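Following: one structure in structure tokens, then a few remarks.
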Number of protein chains: 2
Amino acid sequence: MRPSRKSSNGTTKSLPPERGPLAAVIGGTELQIAYRMGYVLNFYREPSFRRIEMELGLTRPEIVTLIFLNFREGVTASEICEFSGHLKANISRGIIALEKKKLIRRAADKTDSRRQQLFMTAAGRALYARYIPALRERERAMLACLTRAERNEFERLLDKLAAHVPQWAALDEL
Amino acid sequence: MRPSRKSSNGTTKSLPPERGPLAAVIGGTELQIAYRMGYVLNFYREPSFRRIEMELGLTRPEIVTLIFLNFREGVTASEICEFSGHLKANISRGIIALEKKKLIRRAADKTDSRRQQLFMTAAGRALYARYIPALRERERAMLACLTRAERNEFERLLDKLAAHVPQWAALDEL
DNA sequence: ACCAGAAAGTCTCATATGAGACCATCTCGA
DNA sequence: TCGAGATGGTCTCATATGAGACTTTCTGGT
């Protein structure tokens, strides 16, 4: 499933008495922090992305490609891969599809003809503008329970974690 | 791609001068916090999970099912859905596959014959024991850059976020 | 200047996944 | 007690994805 609007907690009489509420399951796993990050993020991301997929007919790689392009025009497929966590085959497919739909435009990089820089078209920008507000709003809702100070601290810690990713991501092979 | 061991930063002379390092891209997106959570989590989770998928021949739903069962035996498919963020069709398939492999065992719930409680077999526990250490280790590596106090604070904030998920997850339909 | 190896991007193939229909069982109100 | 609707779980079908081969272009060492 995904964010189900129905939780099976509460009155379910068939459960053993020691079965607890949400809190007992959230983080019940060994991987306390990782699990919680996934839990929260799933509820944030999945519904929004699925919605975009269905309503606008975009795949996930296409969605994130537009997000990256909005941030910085001229990026290449590999850069999007690098920071989005999608496989290059999928980003490649997404880019091809986006170009076919006239949402982006490709230009060969003059100094390296293997690369192609990507640019949004007006249509691409317009489509982006249609789905980004919901994502923004949902992020806001997700963070609404934090105080201003907590939010800042959370962001600071995430920054720190993100900055250190390269130090352990290389443990890939281990 | 996924955590690529190669980053295209640094000496790439072909890039415009204002193109920055990692930090300039991470969080460059509008969705500052959500993006960073996804970024960090991807690098944590994807490589490990892919590894498990390939080496042990498990699908993601199967992996998380074992994780949940290790936490609490007797849970049902819906409960795993509820907290894992996987669709019930996939968890169902995973459970069927796990049973076929003798890694779990199913028992009809006596008070509600629609439900089936799930239990690990010895083989299931053994398999779980083979992959969980890497996940634990990787979580540790991910958090290694935080001080003890920061780590605690991060966990506290995540708890708070997780606890409040139900309050905004219902915004699904909006 | 050349060659071995890396990198960018595309393609193919098998598989995992999402959406939603479907069946059986349960719950709750009339 | 009955029937409508909810819920647990399975299934089917189309599609998105992961793995990895492949082509072309670039790089760095000799």
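Owing to the predicted nature of the structure, the values given are computational and were not obtained by experimental measurement. Note on naming: letters A, B, ... go to the chains in the order of the sequence lines (proteins, then strands), and numbering restarts at 1 for each one. Values below: every heavy atom of this structure, side chains too, minus hydrogens, waters and symmetry copies.
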What is the distance, rounded to the nearest whole Å, between atom [atom1] of [X] and atom [atom2] of [N]?
X        : N      : atom1 : atom2 : result
A/Leu56  : D/dA16 : CG    : C1'   : 17 Å
B/Arg60  : D/dT17 : CZ    : P     : 12 Å
B/Glu46  : C/dA16 : CD    : C1'   : 13 Å
B/Glu62  : C/dA16 : CD    : C1'   : 10 Å
B/Lys110 : C/dC26 : NZ    : P     : 13 Å
A/Ile95  : D/dA16 : CD1   : C1'   : 16 Å
A/Leu98  : C/dT10 : CG    : C1'   : 16 Å
A/Phe49  : C/dA19 : CZ    : P     : 14 Å

Does the side chain of [X] get closer than 4.0 angstrom to OP1 or OP2 of [N] through an N or O atom?
X        : N      : result
B/Ser78  : D/dG9  : yes
B/Arg50  : D/dA19 : yes
A/Ser113 : D/dT24 : no
A/Arg106 : C/dT10 : yes

With sequence neighbours excluded, tell me which residues meet side-chain contact (heavy atoms from CB on, under 4.5 Å) with B/Ala77. B/Ile91, B/Ile95
My understanding is that only residues two or more places apart in sequence, or in another chain, count here; which of them pass side-chain contact (heavy atoms from CB on, under 4.5 Å) with B/Ala123? B/Leu103, B/Thr121
Carboxylate-amine/guanidinium contact B/Glu79 B/Arg72, below 4.0 Å: no
Can you pull the ring-ring contact (aromatic ring centres under 6.0 Å, His included) pairs that have at least one residue in residues 91-120 of chain B, sequence neighbours excluded? none
Please check this pair: side chain of B/Arg115 against backbone of B/Asp109, looking for a donor-acceptor N/O pair closer than 3.5 Å. no
Partner residues of A/Thr59 under the side-chain hydrogen bond (donor to acceptor under 3.5 Å, both in side chains) criterion, sequence neighbours left out: A/Glu62
Residue set satisfying ring-ring contact (aromatic ring centres under 6.0 Å, His included) with B/Phe49, at least two apart, ordered chain then number -> none
Contact nearer the 5' end of DNA chain C, comparing A/Ala77 with A/Glu53: A/Ala77
When you measure only distances, ignoring hydrogens and angles, does the side chain of A/Arg114 come within 3.5 Å of the base of D/dT24 through a donor and an acceptor? no
Let me spell it out: for each of B/Gln116 and B/Met54, pick the nucleotide of DNA chain D with the closest heavy atom. Which residue's pick is nearer the 5' end? B/Gln116
Please tabulate, one pair per line, each protein N/O and nucleotide N/O from nucleotides 11-15 of chain D that are separated by under 3.5 Å, including the distance.
residue	atom	partner	partner atom	Å
D/dT12	O4	B/Arg93	NH1	3.1

